[in-house]
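Just so we're on the same page: letters track the sequence lines, and every chain starts at 1.
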2 protein chains.
Amino acid sequence: MNTLELIQKNLNAFSKSERKVAEVIIASPQISIRSSIATLAKMAEVSEPTVNRFCRRLDTKGFPDFKLHLAQSLVKGTPYVNRNVDEHDGAEAYTAKIFESTMACLNGAKNTLDTTLVNRAVDVLTQAKKISFFGLGASSSVAHDALNKFFRFNIPICCFDDILMQKMSCINSSEGDVVVFISHTGRTKALVEVARIARENNAFVIALTALNSPLAKESNLVLSMSVPEDTDIYMPMASRIAQLVLIDVLATGFTLRRGSKFRENLKRVKKGITDSRFDLCDL
Amino acid sequence: MNTLELIQKNLNAFSKSERKVAEVIIASPQISIRSSIATLAKMAEVSEPTVNRFCRRLDTKGFPDFKLHLAQSLVKGTPYVNRNVDEHDGAEAYTAKIFESTMACLNGAKNTLDTTLVNRAVDVLTQAKKISFFGLGASSSVAHDALNKFFRFNIPICCFDDILMQKMSCINSSEGDVVVFISHTGRTKALVEVARIARENNAFVIALTALNSPLAKESNLVLSMSVPEDTDIYMPMASRIAQLVLIDVLATGFTLRRGSKFRENLKRVKKGITDSRFDLCDL
DNA sequence: AAGTTTAATGTAACTTTATTACACGAACGA
DNA sequence: TCGTTCGTGTAATAAAGTTACATTAAACTT
């Protein structure tokens, strides 16, 4: 377990002074590993032995040993930890926090994603007669993004925000069609119903959603990622970002599976777009 | 450059005693990073200052600093680097690469984003009579996402994919309106023209785009982030993700600026959504 | 609610660790 | 051969980390 994450997780288990130390370290781990125990103690406004006790509580032999662990975890794992935005944060502070939280989130998502299932999903997608992407609310922009990506592959594809259009589309689906549903919670009633209809019409249902959710139960294949819930009102839904990256992953897998001739095509599409742009020399 | 490799490579450049130190470290680096300078000196059968000099020769401040560098280099795998997907990658490999590249990208974006400008943008947005979000192609899903976020703030807001609708909307704009344009390259002709129209009608133009691009030149305020260009056809546009996070940042800044009463409202909206969901006990 | 106990924290003495200053001796060149 | 330079070690010094203990705050008991 990553030392920095460990500190973050145990924040509540620490005593008042120890928490001060923890906060200083989380705020600037890179500085911490270069500081002496005296400097760190001063930064956290506690005494040196408190810092030492803090280190021991984290199962290290002492301060130098702790620094070693921290230094290694800064390389290995995420240097970033989910930090909530505070009411009094300035632009610099909240910008950093949001970027870092998002990165921490992606790291978590990556580690909990089952790549065997990714592989199966890619299998199914490459063999699809038609692919549909459906999401509602915040997830609808993820569906749009997926449309944009898969559209370039020149295969029958569709994407609707509208729940009725989604239903109609599913009613018309048949064997060989694949429907991808996107929902963070997997508990949006309307969407779950659409998924059921898709299944009833022999479509293959892939869900980017939470494990064991109602939506997951209606699906043939569930791609889930554990992403911390957005308990904080300031905190934007990083889950959405993780879903987008997952779409990237699926699109990439798709491209790879299709072989080299297919990739030549892609280059042509990309080149086609540049014609609607100013030349680089216009810069 | 990896410290251990560096030692290995420079073996011949060291003096006799220093080489002894180098050999001991190469033989058991894990032990070395946990030893004191005295222990290491004894292991190498040299004096302590020799070890110290050895450390300085490797451009470190001293023994503790050297240990830090060594410790970090001993950790395998560099996580946050942009690694291109390879034709022969399996699902696990490309999944990891894409997630990690995206994180690397976000990190880069974070570091190149000017928070002073973020602050100004938030200023402008909070005072806007109406806010519009426009993007084309891949950026249109970013615009949608922005709509979804800012919509909750209960202010006049709009978002169009259609270039004609965008134009019409801009022609009708007036003093106090803010239009946010989203474009990775900033060179999409159609969008640049819309921006010009917006400006001509006294709207305040914010662009999430590349510095010095034609779009940037038509804008009152440019939020740019340096994100590696997607040279690789496999590699999905991580720039899009960075833009989404930037939207998150702006939305958060907006929320903070509006004060605590406003945030109470947001909680209500959030609660309102849950009614269209299955209860948690349905899980 | 007061007293007792326990946990948390800081002070100061002490130990360990690292660095510096300097001296000695070998290698090299004139 | 002498002087210089470079490498090395010894010893002194400084810095960092740890321990023991005293003090204070918190919690629990009666």
Side-chain angles (χ1 to χ4, degrees), chain A residues 3 6-74, chain B residues 3-4 6-7 9-74:
Chain A
T3 306
L6 194 75
I7 297 172
Q8 172 80 23
K9 223 185 63 183
N10 289 29
L11 255 186
N12 301 322
F14 295 126
S15 71
K16 195 153 50 103
S17 302
E18 283 172 351
R19 193 169 314 140
K20 283 192 207 166
V21 179
E23 276 160 8
V24 168
I25 292 170
I26 289 170
S28 43
Q30 290 292 351
I31 295 171
S32 303
I33 55 170
R34 280 157 216 291
S35 308
S36 70
I37 194 168
T39 317
L40 194 64
K42 206 168 282 172
M43 286 200 283
E45 296 178 308
V46 298
S47 69
E48 298 178 25
T50 300
V51 177
N52 195 282
R53 281 187 284 261
F54 169 84
C55 297
R56 301 233 164 119
R57 197 171 297 277
L58 288 151
D59 286 320
T60 60
K61 285 191 206 151
F63 184 68
D65 189 40
F66 166 77
K67 281 208 292 192
L68 222 63
H69 278 98
L70 184 59
Q72 299 201 326
S73 83
L74 287 184
Chain B
T3 305
L4 205 55
L6 195 74
I7 298 172
K9 220 182 66 179
N10 289 29
L11 255 186
N12 302 321
F14 295 127
S15 72
K16 193 153 50 99
S17 301
E18 283 172 352
R19 193 167 317 140
K20 282 192 209 166
V21 179
E23 276 159 7
V24 168
I25 291 170
I26 290 170
S28 43
Q30 289 293 349
I31 294 171
S32 303
I33 55 170
R34 283 159 212 290
S35 309
S36 71
I37 194 167
T39 318
L40 194 63
K42 206 168 283 170
M43 286 199 285
E45 296 179 307
V46 298
S47 70
E48 300 178 24
T50 300
V51 177
N52 197 282
R53 281 187 284 264
F54 168 85
C55 298
R56 300 234 165 118
R57 198 171 297 278
L58 288 152
D59 285 321
T60 60
K61 285 195 208 146
F63 184 69
D65 189 40
F66 167 78
K67 281 207 292 192
L68 222 63
H69 278 98
L70 184 60
Q72 297 199 327
S73 82
L74 288 182

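Checked against D:dG9, C:dG10, C:dT19, the side chain of B:Thr50 finds its nearest nucleotide in D:dG9. The side chain of B:Pro49 lies closest to D:dT10, out of D:dG17, D:dT10, C:dG10. Nearest nucleotide to the B:Asn52 side chain, out of C:dA18, C:dT19, D:dG17: C:dT19. When the nucleotides C:dT9, D:dG17, D:dT8 are ranked by their closest atom to the side chain of A:Pro64, D:dG17 comes out on top. Closest to the side chain of B:Ser47, out of C:dT19, D:dG9, C:dG10, is D:dG9. For B:Lys67, the listed nucleotide lying nearest its side chain is C:dA18; candidates were D:dG7, D:dT18, C:dA18. When the nucleotides D:dG7, C:dA21, D:dT18 are ranked by their closest atom to the side chain of A:Ile37, D:dT18 comes out on top. Of the listed nucleotides (D:dG9, C:dT9, C:dA18), C:dT9 has the atom at the smallest distance from the side chain of A:Ser15.
Among the protein residues, B:Val51 comes within range of no part of the nucleic acid, since none of its heavy atoms lies under 4.0 Å from any strand.
Of the possible polar contacts, none joining the A:Glu48 side chain to the A:Ala38 backbone as a donor-acceptor pair under 3.5 Å is found. The backbone N or O of A:Ser35 lies less than 3.5 Å from a partner atom in the side chain of A:Lys67, making a donor-acceptor pair.
Here C:dT15 presents its P atom at 21 Å from NZ of A:Lys61, a figure rounded to the nearest Å. The interatomic distance linking B:Met43 (CE) with C:dT17 (P) rounds to 13 Å, in whole Å. If you measure from atom NZ of A:Lys16 to atom P of D:dA25, you get 9 Å, rounded to the nearest angstrom. The distance between atom CZ of B:Arg57 and atom C1' of D:dG7, rounded to the nearest whole Å, is 9 Å. Taking atom CZ on B:Arg56 and atom P on D:dT8, their separation rounds to 16 Å, with Å as the unit. Protein atom CZ of B:Arg19 is 15 Å distant from nucleotide atom C1' of D:dT8, rounded to whole Å. Rounded to whole angstrom, the span from the CG atom of A:Asp65 across to the C1' atom of C:dT16 amounts to 15 Å. In this structure, A:Phe63 atom CZ and D:dT19 atom C1' are separated by 17 Å, rounded to whole Å.
The nearest pair of heavy atoms linking B:Val51 to B:Val21 is CG2-CG2, 4.1 Å.
Between A:Leu40 and A:Phe54, the closest side-chain pair of non-hydrogen atoms is not below 4.5 Å.
Other residues, nucleotides and ligands contribute only 12 or fewer heavy atoms inside 6.0 Å of the CD1 atom of A:Ile31.
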